[in-house]
Amino acid sequence: MRWSRLFIPTLREDPAEAEVISHKLLLRAGYIRQLAAGIYNYLFLARRSLNRIVQIVREEMDAIGAQEMLLPALNPAEIWQESGRWEIMGNDMFRLKDRNGHDLCLGMTHEEVMTVIARNELHSYKQLPQIWYQIQTKFRDEPRPRSGLMRVRQFIMKDSYSFDMDAAGLDQAYQKHYDAYCRIFSRCGLQYLAVEAHTGAMGGSLSHEFMVKSPAGEDWVVECPKCGYSANLEKAVSRPAPPQAPDPEGDLSPEEFHTPGRKTIAEVAEFTNLPETSQIKSLVMVAKGEPVLVLLRGDHQLSETKFAAAVGTSDFRPAHPEEIVNWFGASAGSLGPVGVKNMRILADLALEGRRNMIAGANRDDYHLRHVTPGEDFEAQFSDLRHAASGDACVECGGEITLSKAIEIGHIFKLGYRYSDSMGVRVLNAEGKEVTPIMGCYGIGIERILTAAVELYADADGMALPTAIAPFHVVITPVNLGDAAQREAAEKIYQECLDAGVDALLDDRDERPGVKFKDADLIGIPYRITVGKKLAQGKVELVTRRGKQTAEVEAANAARCVAERVQLDLRG
RNA sequence: CGGGGCGUAGCGCAGCCUGGUAGCGCGCCUGCCUUGGGCGCAGGAGGCCGGCAGUUCGAAUCUGCCCGCCCCGACCA
């Protein structure tokens, strides 16, 4: 295509509203424009890039025997009421009424619709297994849309659903997806990792997330460089680093001491001259209206996900200051477990076996020393804390690391959650009714583009992987006024097209600097510069990522690019 | 939803405190000039100053309400 005829509205300056790299660059490079919070226009370049991503996803899904469908985004309330998610989804779901006053919603995911199809059409074990998928727009009224395309209210998702006779069948469907996802993300040129994930609102037993490490990410992943263990921080387990000071020996009894004005763990540590690891941190949560005292080692952080699992509800919040005074007779900063009888006490595993620690005395400005879990108070022990860098891997003892990451895909073993509640039944070989087991699997299409931009951006713009770039090569005649250059560029352009290379001819009557800057900005992987050296029959082949320049014969330029592109796409 | 910030030309910003009818850079249009990293010169177009109400002789500027956007926290592809 000819640049002079295309709509590629590049910007010289960073738009004020953009904070993260991918957001700035997608706007500056003319890929996207914002319409409202979390709602974007995908302009010409973005559409081309997303089309390529979609095509790769489609090929790999088809390759595992998945069948593409297209389901309506507009859903009747009834099916969501049936699964119970009409209420559960709360404000995250866009809802509307039709002219007759019937409730409708915009689909945020399609378990319900797929399950309805399965219920109506699947009757026999002979029809299973099935894998159905679609690539379709999803709507979620996010509490806080963010960071350009990272977190939006309308986005494209590849979602697939598997139906199997038994858990072994589900294992296979899950593994097929796992492998397909690896191929998809590799082909898209991403450096990614698969991590164990929390199953969240989806329910189900096993789940992996596919992550691209990036400072712009919204998730944290824990990795063990030694054995390869990796998990989302929400899910990750680790062995805590040992306490920084040994516990005092002996069968000591709790003993109150004055700590005037010392409220935080750090202040008490400084005052007592003992490390934070010697303290018991006391947090008060209110779960389903009931107070719960949560105990952690002083230097540890509460994982709300693990806490939710421990109390069996996600309906919880930190206690209000008045409630705390009411229940404890003291304020936050002087709380502890000793003598607490009016609420459930949960303690993190890192406190198990510890002796003679420091805790709040439930009296303002006083703490206790010599507090021993299990002797001076009773608690239920479970894993409640976030893994932290410096912890040891539970598998191999290696030191774990934490990194921020962008979630690009997620696979779940759903189990019977939907097939059961919505009544999918098929007859097995013995003629008995059984409920199929399900899995569901998602990929955020825009997130692949976003992650690629984040991963490969430099000071001049994006440097997209060939497989997902909107064009493979841009041909840039330096001086259009020079007939020889103009004609050579035209010729190379034609030869590229003939060789199956997606070429963009920058035939704009602009100064060379403008063309170079724009080409760099929009991230086309290769550039052929037709300039002065044409007099010697030569042109330049510039690789966007890394900016290496090679001189090639003008006559060979198209072939050189074609070879490189082929090599890249094989990746 | 809680907390913080912002809204003036297509983009980036100044003006607002101390009211007097809007300015800069980039981009855009025309002409000349130039052509290897966002050239130069000359001329020009473009703004209900987010909206509504109030104060005032007079409001971008002061007051109130509303709307929108961004960032930080609880959700997820």
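Numbers restart at 1 for each chain; the letters A, B, ... are given by sequence-line order, proteins then strands.
- Here, B/G4 and B/G15 have their P atoms 23 Å apart, quoted to the whole Å.
- Nucleotides B/A59 and B/G19 are separated by 14 Å at their P atoms, to the nearest Å.
- The distance from atom CD1 of A/I408 to atom P of B/A77 is 13 Å, rounded to the nearest whole Å.
- With distances taken from any side-chain atom of A/P512 to the nucleotides B/G38, B/A77, B/G36, the minimum falls on B/G36.
- The residue A/D518 sits close to a base: some heavy atom pair falls under 4.0 Å.
- Here, B/C24 and B/A45 have their P atoms 13 Å apart, quoted to the whole Å.
- Note on A/R527: a base of the nucleic acid sits closer than 4.0 angstrom, heavy atoms only.
- Residue-to-nucleotide contacts include no donor-acceptor pair under 3.5 Å from the side chain of A/D460 to the base of B/G37.
- Nearest nucleotide to the side chain of A/V478, out of B/C39, B/C72, B/G36: B/G36.
- At the phosphate of B/C26, neither OP1 nor OP2 sits under 4.0 Å from any side-chain N or O atom of A/R12.
- B/G7 and B/G12 have their P atoms separated by 12 Å, given to the nearest Å.
- In this structure, A/V152 reaches the bases: a heavy-atom distance under 4.0 Å links it to at least one base atom across the strands shown.
- One interatomic measurement links the two molecules: NZ of A/K517 to C1' of B/C26, which rounds to 15 Å at whole-angstrom precision.
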Shorter than 3.5 Å, N or O on both sides, protein versus nucleotides 6-14 of chain B: list them out with atom names.
{"from": "B/G12", "atom 1": "OP1", "to": "A/A16", "atom 2": "N", "distance (Å)": "2.8"}

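- The aromatic ring of A/F516 does not sit over the base of B/G36, since the test of centres under 5.5 Å and planes under 30° is not met.
- When each of B/C71, B/G38, B/G36 is scored by its nearest atom to the side-chain atoms of A/S147, the top-ranked nucleotide is B/C71.
- The distance between atom NE2 of A/H208 and atom P of B/A77, rounded to the nearest whole Å, is 15 Å.
- For the atom pair A/L504 CG and A/D506 CG, the distance stands at 6.5 Å (nearest 0.5 Å).
- Taking a pair to require two hydrogen-bonding distances under 3.5 Å in either a Watson-Crick or a G-U wobble arrangement, B/U34 remains unpaired.
- Taking for each of A/G481 and A/G409 the nucleotide of RNA chain B with the nearest heavy atom, the 5'-most of the two is the partner of A/G481.
- Nucleotide B/G19 has no partner under the Watson-Crick or G-U criteria, as no pair reaches both atom distances under 3.5 Å.
- A/A36 comes within 4.0 angstrom of the backbone, heavy atoms only, and of no base.
- Taking the six-membered ring for Trp, A/F185 and A/F210 have ring centres closer than 6.0 Å.
- Two rings, from A/Y441 and A/F412, have their centers 6.0 Å or more apart.
- Under the Watson-Crick and G-U wobble criteria, each requiring two contacts below 3.5 Å, nucleotide B/G68 is paired to B/C6.
- Applying the Watson-Crick and G-U wobble criteria (two distances, each under 3.5 Å), B/C39 pairs with nothing in any strand.
- Distance CZ (A/R140) to P (B/C76): 8 Å, rounded to an integer number of Å.
- A sub-4.0 Å separation between OP1 or OP2 of B/G68 and a side-chain N or O of A/Q34 is absent.
- Between the CD atom of A/E510 and the P atom of B/U34 there is a distance of 17 Å, rounded to whole Å.
- No cation-pi contact links A/R140 to A/F94, judged by a cut-off of 6.0 Å to the six-membered ring centre and 45° from its axis.
- Distance, A/R28 CZ to B/G38 P: 13 Å, rounded to whole Å.
- With A/Y174 as the aromatic partner, A/K413 meets the cation-pi criteria of under 6.0 angstrom to the ring centre and within 45 degrees of the ring axis.
- Side-chain atoms of A/Y181 and A/H208 include no donor-acceptor pair closer than 3.5 Å.
- Judged by the 6.0 Å and 45° rule, A/R33 forms no cation-pi pair with A/Y40.
- Donor-acceptor pairing under 3.5 Å, judged by distance alone, is present between the side chain of A/D219 and the base of B/C76.
- The listed nucleotides are B/G36, B/A77, B/C71; the one nearest the side chain of A/K532 is B/G36.
- Across every strand in view, B/C1 sits in a pair with B/G73 that passes the Watson-Crick or G-U test at under 3.5 angstrom.
- Aromatic ring centres of A/F7 and A/F44: separated by at least 6.0 Å.
- Taking atom P in both B/C65 and B/G3, the straight-line distance is 15 Å, to the nearest Å.
- Between B/C1 and B/G38, the two C1' atoms lie 44 Å apart (nearest whole Å).
- Atom C1' of nucleotide B/A74 and atom CZ of A/F307 are separated by 14 Å, given to the nearest angstrom.
- At the heavy-atom level, A/E540 lies under 4.0 Å from base atoms of the strands shown.
- In this structure, CD1 on A/I21 lies 11.0 Å from CG on A/L26, to the nearest 0.5 angstrom.
- If you measure from atom CG of A/L302 to atom C1' of B/G73, you get 15 Å, rounded to the nearest angstrom.
- Nucleotides of RNA chain B nearest to A/E304 and A/R447 differ in position, and the one nearer the 5' end is that of A/E304.
- Going from the P atom of B/C48 to that of B/U30 covers 23 Å, rounded to whole Å.
- Judged by atom type and distance alone, A/N479 does not reach the base of B/G36 through any side-chain donor-acceptor pair under 3.5 Å.
- Nucleotide B/G46 has no partner under the Watson-Crick or G-U criteria, as no pair reaches both atom distances under 3.5 Å.
- For A/R151 against B/C75, a side-chain N or O and a base N or O form a donor-acceptor pair under 3.5 Å.
- The side chain of A/R511 has B/U34 as its nearest neighbour among B/U34, B/A77, B/A74.
- Residue contacts shown for A/D520 include a base, since a base heavy atom lies under 4.0 Å away.
- Remark: A/R95 is not positioned above the aromatic ring of A/W80, lacking an NZ or CZ atom under 6.0 angstrom from the ring centre and at most 45 degrees off the axis.
- A/T476 comes within contact range of no nucleotide atom at all, as no heavy-atom separation falls under 4.0 Å.
- From A/L455, atom CG reaches atom CD1 of A/I406 across 8.0 Å, with rounding to the nearest 0.5 Å.
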Using distance only, find each side-chain donor-acceptor pair of residues 11-20 of chain A under 3.5 Å and give its atom names and separation, not counting sequence neighbours.
none

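- Close to B/C72, at under 4.0 Å from its OP1 or OP2, lies a side-chain N or O of A/R144.
- Nucleotides B/G44 and B/U18 place their C1' atoms 36 Å apart, quoted to the nearest Å.
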